[in-house]
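A quick write-up on the structure given underneath.
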Amino acid sequence: MKRKSSNSRSRRRNEKVLHVAVNKKRQSKQNQILVWGGLVGLIFLSATAYGTHVLMKKVLDVVFYENPDFALEQIEITNSGTLSRPEIMDWAGIKKGGNLMKVDLRKVHDRLRSMPYIAGVKVERQLPSILRIIIKERMPVAKLMPYSPKGNLLAQYVYYIDAGGYVMKPKEGEKLKRLPIITGVSIDEVQVGEMMEKEEVLSALNLLRASLFYGLKGDLDLRQLEIQPRGILMVRTNHRGLIRFRIDHLDQQIKRLQTVFNYSKTNHKIIRTVDLTPSRNVPVTFF
């Protein structure tokens with residue numbers, strides 16, 4: 001009986017080992033099937049995605065990019081300034097005859113916006129055949145004539161500046177515009193394509209604007225504004241008198257100056273100097 005029981009236990013152990021081995025083999029095959037199934041599925045999805053991409057490209061080519069109905073036949077340009085149509089077309093890098101849907105509006109916008117004379121751009125399609133470009137041009141209001149601190153001759157001696165302080169170079173071969181001249185600025189402070197940060201220059205631009213607003217154009221000679229050390233602006237009258245301004249509180253100074261002008265006209269006097277820099281009282285001399 002003991003031998004029989006021992007044989008029975010041995011047979012059960014062998015059966016268990018065999019069962020575990022069979023299960024491991026079966027699990028391994030199942031894993032292989034899953035792996036291959038995943039690979040096949042992935043290949044199928046990739047092929048499907050590629051096929052969809054190719055199909056969509058064909059559809060887009062037929063419907064838009066190769067469709068003669070979307071031929072670029074007209075380019076409308078609206079400009080607020082003096083830039084010529086050929087200049088704008090050249091900078092935009094576009095020509096008639098292409099496909100309107102192939103025009104990259106963002107690239108056209110960025111090319112034009114990078115030009116120093118252009119402050120704002122809008123580019124849009126008008127299907128089926130029109131490209132519209134709307135440009136807001138920078139308009140210079142004065143000329144900068146800087147000096148070299150070392151006394152060197154300057155290769156570029158005149159720059160344009162707009163009302164916001166943006167500095168531009170005149171176009172090559174351009175006849176210079178008749179604009180007020182701002183002097184007393186170092187060439188080291190002039191950066192083309194950048195906003196001028198020098199307070200005296202910005203104050204000179206504000207003075208030009210305020211003088212027109214307060215109607216002083218007939219009394220002041222605005223052809224030249226001179227920046228002097230310690231924040232002083234010098235402007236002449238139309239009778240060669242000298243007016244000294246501080247760069248701050250311009251409105252207050254202009255109102256004082258109006259009072260001086262009214263007094264000189266009423267009493268038939270010609271102003272020689274006016275010093276508006278003191279906070280109180282205004283030293284005035286007459287010819």
Arg125 side-chain N/O to Leu105 backbone N/O, donor-acceptor pair under 3.5 Å: no
Nearest-0.5 Å distance, CG of residue Asn67 to CG of residue Leu100: 11.0 Å
Heavy-atom pair with the smallest gap, counting every atom of Leu131 and Glu124: CD1-O, 3.6 Å
From CG (Leu216) to OG1 (Thr237), nearest 0.5 Å: 11.5 Å
Flag if over 12 foreign heavy atoms under 6.0 Å of NZ, Lys217: no
Whether over 12 other heavy atoms sit under 6.0 Å from Arg272 CZ: no
Polar side chain donor-acceptor pair, Gln74 to Glu76, under 3.5 angstrom: yes
ILVMFWY network linking Val282 to Leu233, side-chain heavy atoms under 4.5 angstrom: yes
Co-membership, hydrophobic cluster, residues Leu205 and Val192, 4.5 Å side-chain: yes
Common cluster, Ile247/Met234, ILVMFWY with side-chain heavy-atom separation under 4.5 Å: no
Contact check, side chains of Phe261 and Leu257, non-hydrogen atoms, under 4.5 Å: yes
Where at least one partner belongs to residues 140-164, residue pairs that pass side-chain hydrogen bond (donor to acceptor under 3.5 Å, both in side chains), sequence neighbours excluded: Tyr160-Glu174
Gly81 backbone acceptor or donor facing Tyr117 side chain under 3.5 Å: no
Over all atoms of both residues, closest heavy-atom pair of Ala142 and Leu208: CB-CD1, 4.1 Å
Approximate separation, where rounding is to 0.5 Å, of His109 NE2 and Lys122 NZ: 11.0 Å
Of all pairs that satisfy side-chain hydrogen bond (donor to acceptor under 3.5 Å, both in side chains), the ones with a partner from residues 273-287, not counting sequence neighbours: Arg244-Asp275, Thr273-Thr285, Asp275-Thr277
Point-to-point distance, once rounded to the nearest 0.5 Å, from CD1 of Ile227 to CG of Leu144: 8.0 Å
Interatomic distance, Leu83 atom CG to Lys171 atom NZ [nearest 0.5 angstrom]: 5.0 Å
Crowding at CZ, Phe287 (>12 non-hydrogen neighbours, <6.0 Å): yes
Sequence-distant partners of Arg223, side chain to side chain donor-acceptor pair (under 3.5 Å), two or more places apart: Asp221
Those residues that, when tested against Arg246, pass side chain to side chain donor-acceptor pair (under 3.5 Å) (two or more places apart): Asp248
With sequence neighbours excluded, residues passing side chain to side chain donor-acceptor pair (under 3.5 Å) with Asn238: none
ILVMFWY network linking Leu154 to Val167, side-chain heavy atoms under 4.5 angstrom: yes
Joint hydrophobic cluster, Ile182 plus Ile232, side-chain heavy atoms closer than 4.5 Å: no
Residue pairs passing the side-chain hydrogen bond (donor to acceptor under 3.5 Å, both in side chains) test where at least one lies in residues 192-203, sequence neighbours excluded: Glu189-Lys198
Asp251/Lys255 salt bridge by N-O under 4.0 Å criterion: no
Any side-chain heavy-atom pair of Pro149 and Ile187 under 4.5 Å: yes
